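What follows is one structure encoded as structure tokens, with my remarks underneath.
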Amino acid sequence: MEDSIAKSGYSGAACSSVRGVRCSGVFLMSRSFLTIPFVLIFLALGLVLGSSKAVAIEGGVIRDAEIENILNRWAAPIVDAAGLDPDSVQIYIIDNTVLNAFVAGGQNIFFTTGLLMRAQSVGAITGVLAHEVGHIAGGHLVRTQGALKQAQWTSIIGTLIGAGAMIAAGGGQSGGAGMASLSGGQHIAERQFLHYSRSQESAADQAALNYLEKTGQSAQGLADFLKLVERQSMIADDDIVPYTTTHPLTKDRINVINHHLQTSAYALAEPSPSWVEDHARMRAKLVGFIEPFEWVLRRYPPENESIAAQYARTIAHYRRHDLETALPMMDSLLESEPENPYFHELKGQILFENGYLAEAAPSYRRAVELLPDHATIRVGLARALLGLNRSDLNKEAIATLSKALAQEKDNPTAWNLIGSAYGREGHKGLAALSLAEQFVLTGRKKEAARQAEKALKLIAEKTPSWYRARDILALVDSDQ
């Protein structure tokens, strides 16, 4: 790091962004700032915890603007072919090394990082996407009782993580991490998720083949993925591969896909070069953030000069706080692609997390300029601005967060940060209302009610904010 760069201290709490459950400053239990764009959220016992190190937490949800945009771009034609509303299908990434994907909590598709890193081709991921969309279109979601039907996905994720931990532990055990996570999830009574029948699996496979054919994509990737799952099942020490637990795998399924390939007009179709490059960068980014440093360098040695390999190595050096190596590598990536918003965002993250807040803000600003429609990048900019603790930056932070919340109203981190900014500007009523919004989204009903009551006393009557505070109180009361 150049000596000319002046460090800026910041004693505030961490914040990050996840649709529905984003961690936020004041209740991250004294942890340091979380990474943006790449963050982990861990749900257990109704709390939201965070860590800046991707390897530090298992079973969490990752937010990353680049990976989300890649997956959404790949999903769009498939969702359209299925006749579904594209805005109603959401894709989430779970930090777990197992090979799995599933649908839960409505039209929500979940991928594990294990699947995304081990899928050898674009077609493997789009094939799995098509299969999961087939479950959604076919109405195969397991119906659950009580609160699950109306629960936010935060609760569903908490329960799913617990169920996954129990599966990994051998299932049905009464102690350990599985039961700890299951005790959260906002009192969801039904614990049995995600198990599809063989007939539902066959129907989802057939739907996937139809969607892939309609969109001119080969099903070879789906066949290769199922073969990978089959091989993994044969060599797994405990004979449990979560994908086969939730999606029964049979020879007939693979045979049907192979037969389709024999007759498909697109059996040999290749994805576009841009999709192939996206896939390479997505895997490199995940590997760089998740795998040990030595492993990253073995997989992406210095002689590999591809952008994806440079990306992985840059992240690996940044994770071990080697700024003298990471920053020049980051600048080299930016020289090759100066208009890449994700590169600017990552540079902002590297600077921010190492205390160079004043230098991080311009990188985040540039990322927002290049990609204005993603809330996580705006949240990154806002936390850098607020971290500088300068009164002249509060209004910019509020404007930035207001736009982020227009994009994602269910972003607790943004609500927490804007509450802090309002408080610094002396708008105590709006600060309380913002915290009430945050607590509602994270299931902290008592705190939500307390902040909403405070907001009602401080905000002018019959204004939109006053009515919203009343609505939050009514919502909390109805859930008791």
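For the single chain, residues carry numbers from 1 onward in sequence order. Here the structure is a predicted model, which is why all the values come from computation and not from measurement.
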- Side-chain H-bond candidate by donor/acceptor type, Ser465 with Thr463, under 3.5 Å: no

- Message: Please check: side-chain N/O of Thr112 versus main-chain N/O of Val98, any donor-acceptor pairing under 3.5 Å?
- Response: yes

- Task: I would like to know whether Arg281 and Glu277 meet salt bridge (charged side-chain N to carboxylate O under 4.0 Å, His left out); could you show each step before the answer?
- Result: CA-CA 6 Å; Arg281 295 189 188 191; Glu277 179 63 19; 2.7 Å; yes

- So, Ser88 side chain and Asp85 main chain: donor-acceptor pair closer than 3.5 Å or not? yes

- Message: Under a plain distance cut-off of 3.5 Å, with no hydrogens placed, do Glu369 and His344 share a side-chain donor-acceptor pair?
- Response: no

- Query: Is the backbone of Leu385 close enough, under 3.5 Å, to the side chain of Arg390 for a donor and an acceptor to pair up by distance?
  - Reply: no

- Message: Donor-acceptor pair, distance only, cut-off 3.5 Å: does the side chain of Arg424 make one with the backbone of Leu386?
- Response: yes

- Are Trp415 and Val440 close enough that some pair of their side-chain heavy atoms sits under 4.5 Å apart? no

- Message: If we ignore hydrogens and angles and just use 3.5 Å, is the side chain of Thr113 paired with the main-chain N or O of Asn96 as donor and acceptor?
- Response: yes

- Heavy-atom donor-acceptor pair, Gln90 side chain to Gln107 backbone, under 3.5 Å: no

- Over all atoms of both residues, closest heavy-atom pair of Asn100 and Leu115: O-CD1, 3.5 Å

- Message: Taking Ala119's backbone N and O only, do any of them form a donor-acceptor pair with His279's side chain (distance below 3.5 Å, no angle check)?
- Response: yes

- Between Glu337 (side chain) and Glu335 (backbone), is there a donor-acceptor pair under 3.5 Å? no

- Taking atom types as modelled, is there a side-chain donor on Glu291 or Tyr300 under 3.5 Å from an acceptor on the other? no

- Message: Could you check whether any side-chain heavy atom of Tyr318 comes within less than 4.5 Å of a side-chain heavy atom of Gln349, counting everything from C-beta outward?
- Response: yes

- When every non-hydrogen atom of Ala82 is compared with those of Val133, the smallest separation belongs to CB-CG1, 3.6 Å

- Task: Check whether any side-chain heavy atom of Met329 sits under 4.5 Å from a side-chain heavy atom of Leu333, and report yes or no.
- Result: no

- Item | Geometric class of the Phe352/Tyr364 ring pair [parallel <30°, tilted 30-60°, perpendicular >60°] | perpendicular

- Atom of Thr376, atom of Ala65 and distance for their closest heavy-atom approach: OG1-CB, 3.6 Å

- Query: Looking at Glu345, Glu408, Glu68, which hits side chain to side chain donor-acceptor pair (under 3.5 Å) with His374?
  - Reply: Glu68

- Message: Quick check against the 3.5 Å criterion: does Arg319 have a side-chain atom that pairs as donor or acceptor with the backbone of Pro292?
- Response: no

- Item | Close side-chain approach of Glu270 and Val276, heavy atoms under 4.5 Å | no

- Using atom types as modelled and distance alone, determine if a side-chain donor or acceptor of Gln217 lies under 3.5 Å from a backbone N or O of Lys214. no

- Query: Does any donor atom in the side chain of Gln220 or Asp224 lie under 3.5 Å from an acceptor atom in the other side chain?
  - Reply: yes

- Is Lys409 salt-bridged to Glu437, cutoff N-O under 4.0 Å? no

- Please step through salt bridge (charged side-chain N to carboxylate O under 4.0 Å, His left out) for the pair Asp322 and Arg320, ending with a clear verdict. CA-CA 6 Å; Asp322 179 8; Arg320 65 181 344 214; 5.4 Å; no

